[in-house]
Amino acid sequence: MKMDQSHTIGAAKDLEPELMLELINQAQSAYRHAYVPYSHYPVGAAVLFSSGKIYSGCNVENASYGLTICAERNAIFNAVTQGERQLMGIAIAVPTEEYPSPCGACRQVVREFAVDCPVILINGSGKTRVTNLKKLLPDSFGPEFL
Ligand code: THU
């Protein structure tokens, strides 16, 4: 597996290689279930929480387009529904050559459950790029402000 770590900065704790691989595998599996009749852009996400468990999600679109939910939020909400609260890392996979990039709304939802964490992006060739939340969402607002 090729890992480009050049984008990694800040305080995100590195994940163990086995956990990283498992996150990548689960994110890639998840996009196979994506419901994308409108965009035809499947996305899969897998999230590691502090219990050590991994949860996954895919994007689910709707004929009323604005009701579409991204893969990242489905994965995180799935975990939170099981009682999880502390997000340790997220992997996002797509079948296209262009690497995925989490939308602004999903970045903020990640921020709700992690001040910083590794974000692994996987393209359709299985190449990975590792970045982190602080880079994707600098000067962020979060629950501690309230
Ligand atoms: N989408 C995701 O699931 N995650 C992202 O990171 C970017 C966008 C979905 C929403 C919609 O189903 C499709 O991709 C096109 O925007």
Side-chain angles (χ1 to χ4, degrees), residues 1-15 17 19-51 53-143:
M1 178 182 40
K2 266 199 185 148
M3 294 259 193
D4 173 6
Q5 300 253 0
S6 62
H7 298 259
T8 306
I9 52 155
K13 208 168 144 263
D14 281 347
L15 297 175
L19 278 173
M20 193 110 129
L21 274 177
E22 190 53 31
L23 272 178
I24 292 167
N25 284 337
Q26 292 208 25
Q28 287 177 317
S29 295
Y31 74 62
R32 294 188 176 86
H33 300 294
Y35 177 72
V36 289
Y38 309 108
S39 74
H40 306 288
Y41 183 71
V43 184
V47 288
L48 173 72
F49 273 74
S50 55
S51 68
K53 289 187 188 155
I54 292 175
Y55 304 80
S56 64
C58 60
N59 48 340
V60 180
E61 300 186 342
N62 194 278
S64 177
Y65 300 158
L67 299 184
T68 291
I69 305 279
C70 293
E72 297 90 327
R73 272 176 287 161
N74 270 338
I76 291 168
F77 294 160
N78 184 12
V80 171
T81 302
Q82 297 304 314
E84 303 281 6
R85 292 294 184 268
Q86 203 185 335
L87 177 57
M88 310 303 288
I90 178 166
I92 305 159
V94 292
T96 58
E97 268 316 292
E98 194 73 40
Y99 284 100
S101 182
C103 78
C106 287
R107 293 176 194 204
Q108 188 63 44
V109 171
V110 169
R111 176 62 178 81
E112 187 70 23
F113 300 103
V115 173
D116 193 12
C117 72
V119 178
I120 306 158
L121 307 172
I122 308 132
N123 78 357
S125 306
K127 286 189 185 163
T128 64
R129 174 180 288 169
V130 183
T131 182
N132 59 58
L133 180 64
K134 279 209 163 143
K135 187 173 180 201
L136 295 175
L137 194 67
D139 301 324
S140 65
F141 173 77

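Atoms within each ligand, like the ligands themselves, are counted from 1 in listed order. What you are looking at is a predicted structure, and each value in this text was computed from that prediction instead of being measured. Values below: every heavy atom of this structure, side chains too, minus hydrogens, waters and symmetry copies.
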What's the separation between atom CD1 in Ile122 and atom CD1 in Ile92, rounded to the nearest 0.5 Å? 8.0 Å
Among protein heavy atoms, which lies nearest atom 3 (O) of ligand 1, and at what distance? Ala71 N, 3.0 Å
Under 4.0 Å from a heavy atom of Glu61: give me the atoms of ligand 1 that qualify, with their elements. 11 (C), 12 (O), 13 (C)
Taking atom CD1 of Ile90 and atom CD1 of Ile54, what is their separation to the nearest 0.5 Å? 11.5 Å
Taking both backbone and side-chain atoms of Thr68, is any N or O found less than 3.5 Å from an N or O belonging to ligand 1? no
contact_flag Pro102 ligand 1 heavy-atom lt 4.0 Å: yes
Between Ser101 and ligand 1, which residue portion shows a heavy-atom distance shorter than 4.0 Å: side chain, backbone, both, or neither? backbone
What protein heavy atom sits nearest atom 5 (C) of ligand 1, and how far away is it? Glu72 OE2, 3.3 Å
Contact atoms of ligand 1, heavy-atom distance to Ser39 under 4.0 Å: 13 (C), 15 (C)
Looking only at protein heavy atoms, which one is nearest to atom 9 (C) of ligand 1, and how far off is it? Asn59 ND2, 3.4 Å
min-distance protein heavy atom vs atom 1 (N) of ligand 1 -> Cys70 SG, 3.7 Å
Taking side chain as C-beta onward, heavy atoms only, is Val60 less than 4.5 Å from Cys58? yes
Tell me whether ligand 1 is touched by Cys103 - counting only heavy atoms on the residue side and a distance under 4.0 Å. yes
With side-chain hydrogen bond (donor to acceptor under 3.5 Å, both in side chains) as the rule and sequence neighbours excluded, what pairs involving residues 62-82 come up? none
For residues 102-114, please give each side-chain donor-acceptor pair under 3.5 Å, one per line with the distance, not counting sequence neighbours.
unit_1 : atom_1 : unit_2 : atom_2 : d
Arg107 : NE     : Pro102 : O      : 2.7
Arg107 : NH1    : Leu136 : O      : 2.9
Arg107 : NH2    : Ser101 : OG     : 2.7
Arg107 : NH2    : Pro102 : O      : 3.1
Gln108 : NE2    : Phe141 : O      : 2.8
Arg111 : NE     : Ser140 : OG     : 2.6
Arg111 : NH1    : Glu144 : OE2    : 3.4
Arg111 : NH2    : Glu144 : OE1    : 2.8

